[in-house]
Protein chains: 2
Amino acid sequence: MCPPVRTVPTVINRSSRDPAYRQIADLFRAQIETGQLQPGDRLPYEGRIAQEYGVGRATARSALRVLREEGLVVTERGYGTYVVEPPPRVAVKVPRGSTIWSRMPTEAERVALGMELGATVPVLMYRTGQQQPKGPYAADRTDFTTA
Amino acid sequence: MCPPVRTVPTVINRSSRDPAYRQIADLFRAQIETGQLQPGDRLPYEGRIAQEYGVGRATARSALRVLREEGLVVTERGYGTYVVEPPPRVAVKVPRGSTIWSRMPTEAERVALGMELGATVPVLMYRTGQQQPKGPYAADRTDFTTA
DNA sequence: GGACATTTGTACGTATGTATC
DNA sequence: CGATACATACGTACAAATGTC
């Protein structure tokens, strides 16, 4: 008689101040950071997460939204959510005497830059003297280097 | 006989491909950009928006989320959502030969920087040579200037 | 300090549309 | 075409923070 081998289904603490969707996000974040979930690996689908942790689908969805906002995962409709492969970074040379800033992109900019709809990624901009601002550059694949 | 002067209550096009929550976000964004809504002005509360446009509160909420993600408004629990007062920008001098990048802050960084919980604001970082990275700097109030 | 109204935060269930495979 | 899975949307309920009296 073996004792039942039950993988303790890491369970949500409903009395915690930390909301369920954040607790679930934390679990997946940990798996991503430890490499248990590799770039390209899919996370369970929303309905499955809901089942697994005994929450509604909206709650599971909120958890995935947190990870998207942190840029850790991308969600594609009809396919699922998977861990991001960090794109190779490209260096952009910025002239001396430039001003550099960052902000969130508009919808149009996101499309123009081919940025994943799912993720939350800022853009970089710069301006030299009185010239027109240069940019936006997607910050998940761009570094600025000063001359 | 004058035609009845009715302020057409800008209504949501339910057959559009553009989802209702984005249409509502567009309306408020326009009001912010034209100055009809000034920094500090409060937007209607979620329940009111829902009523106004004949949508559910979750949909109204999604519209506000879009504006938060664009950094246009801040939402405070128990109070409401209001247009952001853009903080004065501070210039940070970055040495020559530095590498500059941007990303979304972690929760801890947000707190440390005193960033509004409601808004979505990236942070700026830089590194000179092999030194430790400097930052994060809140991107809504920081410009980097190259030497 | 307490009581109260206002307003957002979280969460459930359900339904339907639509993109991907 | 069917199965899978996300996107949008509705309604409801209660918890928690804020502001006011």
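Convention: sequence-line order gives letters A, B, ...; per-chain numbering from 1.
A20(A) approaches T59(A) most closely through the heavy-atom pair CB-CG2, 4.1 Å. The heavy-atom pair separating T75(A) from R68(A) by the smallest distance is OG1-NH1, 2.9 Å. The two residues P122(B) and P105(B) come nearest to each other via the heavy atoms CA-CD, 4.2 Å.
For R42(A), the listed nucleotide lying nearest its side chain is dA5(D); candidates were dA5(D), dA11(C), dC10(D). Listed nucleotides dA11(C), dC6(D), dT7(C) differ in distance to A20(A); the shortest reach to its side chain belongs to dA11(C).
Residue R68(A) contributes atom CZ, which lies 16 Å from atom P of dA5(D) at whole-angstrom precision. Rounding to whole angstrom units, CZ of residue R77(B) and C1' of dT18(D) are separated by 10 Å. The distance between atom CD of E46(B) and atom P of dT8(C), rounded to the nearest whole Å, is 5 Å. Rounding to whole angstrom units, OH of residue Y82(A) and P of dC6(D) are separated by 12 Å. One interatomic measurement links the two molecules: OH of Y79(B) to C1' of dT6(C), which rounds to 12 Å at whole-angstrom precision. The CG atom of L64(A) sits 16 Å away from the C1' atom of dT8(D) (whole-angstrom rounding). Atom CD1 in I24(B) sits about 8 Å away from atom P in dC10(D), given to the nearest Å. Taking atom CG of residue D18(A) and atom P of nucleotide dA16(D), one finds them 13 Å apart after rounding to whole Å.
The residue R48(B) sits apart from the nucleic acid: no heavy atom pair falls under 4.0 Å. As judged by a 4.0 angstrom heavy-atom cut-off over every strand, R14(A) is placed among residues touching the sugar-phosphate backbone only.
Aromatic ring centres of F144(A) and Y126(B): separated by at least 6.0 Å.
With a 4.5 Å cut-off on side-chain heavy atoms, E46(B) and R57(B) count as touching.
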All N/O donor-acceptor pairs, side-chain side in residues 129-136 of chain B, below 3.5 Å, sequence neighbours left out:
none

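For the pair P19(A) and G78(B), both in contact range of DNA chain C, the more 5′-proximal nearest nucleotide belongs to G78(B). The residue among G54(A) and E76(B) whose nearest nucleotide of DNA chain C lies closer to the 5′ end is E76(B).
Taking 4.0 angstrom as the limit, R17(B) places a side-chain polar atom (N or O) nearer than this to OP1 or OP2 of dA19(C). Contact annotation: Y21(B) reaches the phosphate of dT8(D) (side-chain N/O to OP1 or OP2, under 4.0 Å).
Taking five base pairs at each end of the helix from dG2(C)-dC21(D) to dC21(C)-dG2(D) and finding the rotation axis that steps the C1' atoms of four pairs onto the next four gives two axes whose angle is 30°, to the nearest 10°.
Using a distance-only test at 3.5 Å, with no hydrogens or angles considered, no donor-acceptor pair links the side chain of T145(A) to the main chain of T99(B).
Here the straight-line distance linking atom CD1 of I32(B) with atom CG of L72(B) works out to 5.0 Å at 0.5 Å rounding.
Side chains of Q23(B) and Y53(B): a donor-acceptor N/O pair is absent below 3.5 angstrom, by distance only.
Only V55(B), G56(B), R57(B), T59(B), listed by number, bring a heavy atom of residues 55-62 of chain B to less than 4.0 angstrom from any atom of DNA chain D.
Note on E109(A) versus R103(A): salt bridge recorded, some NZ/NE/NH1/NH2 to OD/OE distance being below 4.0 Å.
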